[in-house]
Amino acid sequence: MKITSVKAMILRTKIEKPFTSARGWWYKTKNAMLVQVETDAGIDGWGEAYGPAECTKMVVDSLLAPLLIGQDPFDTDVLWEKMYQRIEDYAPQGFGVAAISAIDIALWDIKGKDAGLPIYKLLGGAHRRYVTPYATGLYFKEEEGDFTSPAVEEAVRYKDLGFKGIKMKIALNRKDEIKRVRAVREAIGDDIELMVDANHGYSFYDAVWLAKEFEKLGISWFEEPISPHDLNGYRDLRMKTSIPLAGGENNFTRYAFNEIMEKRAMDIIQPDLCCCGGITEVMKISALAEISGTMLMMHVWGSAIGLFAALQVMAALPPAPHSWKAAPVWMEYEQTESPFRELLVKEPLRRENGVVSIPDKPGIGITVNHDVIKKYLIK
Ligand code: CA
């Protein structure tokens, strides 16, 4: 089989009610950078890149696509190295790796479709048949005002929808933020797991102060408390609190994750399949995590394509630690409005009894809705 074309495309939609995390960057549109790889066997594969869509598309179009034409899509390891060598000197972190990720996912989709098997089978089988979704939300939607009541309302809505976990964005000054988190905890009770995500918006000393307070509120993990580049800071913070520290959505490839684990900087690493290097790379990261005793919980923030691909990997991740009464394998389920999550594939994901079943259709398990692509395609 040979690759005949690699098409990168950007879908864009306006967001009715813009929102922000601690980054202070207001999301006014939602974008998806998708890659479709076609072959001479008539089989195509789909992938997605996380990060600035124009930049990842440019890397695919100008640097990576020319390497792939005429190659065998089954050579995922060989092609990964070839692509990485092309960008290694200029973009070994960031959108160079995100572009590789999109293509790698598409190649695995082709392999699965040709074999008539879900990708988890090609990765060695499914350790689990379902995962437990947690709702990611409670963003900030106003510049000023009451930030607590909308957060409480939203959290209660997720609880009523049957979510067993909720991850809330945090960004305010530490005293106001702790009041907000406490109000959410009181509203949802102690049976729902509550995580907090600072998108690396705090200083080290604010993060220490907050972590101490979170200990009293039974917070399940503190995500990106400080800069992803300050791994010594993570390690020191980790020694000062019993709250697990999580991060990794802004770290790329096994090289960066290896550094996190060598420094014992995080309790939970969260590679995003659509930017950490794709399926080929995340399995290598997973092996490092298992060796170092670090939990791996995937970060997911894209369209249905990224989500379905992540589910295939979640099925194949080894149970670590192996345990009779293992903790749930969490699936990040982003809840801000997006037609790309709900409409892009013909059979969107369903939650039933608080869990999501791993799809067992060939490849990443999707049929793309081309009408939706046409409607939102900008280039
Ligand atoms: Ca996050």
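Counting starts at 1 for both ligands and their atoms, following the listed order. Remember, it's a predicted structure, so these values are computed and weren't measured experimentally.
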With respect to the Ca ion (ligand 1), please indicate if E224 possesses an N, O or S atom at a distance under 3.0 Å. no
State whether a side-chain donor-acceptor pair under 3.5 Å links Y158 with E154. yes
Any chance the side chains of N250 and E224 put a donor and an acceptor closer than 3.5 Å? yes
Looking at D197, pick out the N, O or S atom nearest to the Ca ion (ligand 1) and give its name. OD2
Is NZ or CZ of R174 both nearer than 6.0 Å to the six-membered ring centre of Y205 and within 45° of the ring axis? no
By atom name, which N, O or S atom belonging to E249 lies closest to the Ca ion (ligand 1)? OE1
Of V345, L307, L344, which meets side-chain contact (heavy atoms from CB on, under 4.5 Å) against I366? V345
N/O/S atom name from E223 that is nearest to the position of the Ca ion (ligand 1): OE2
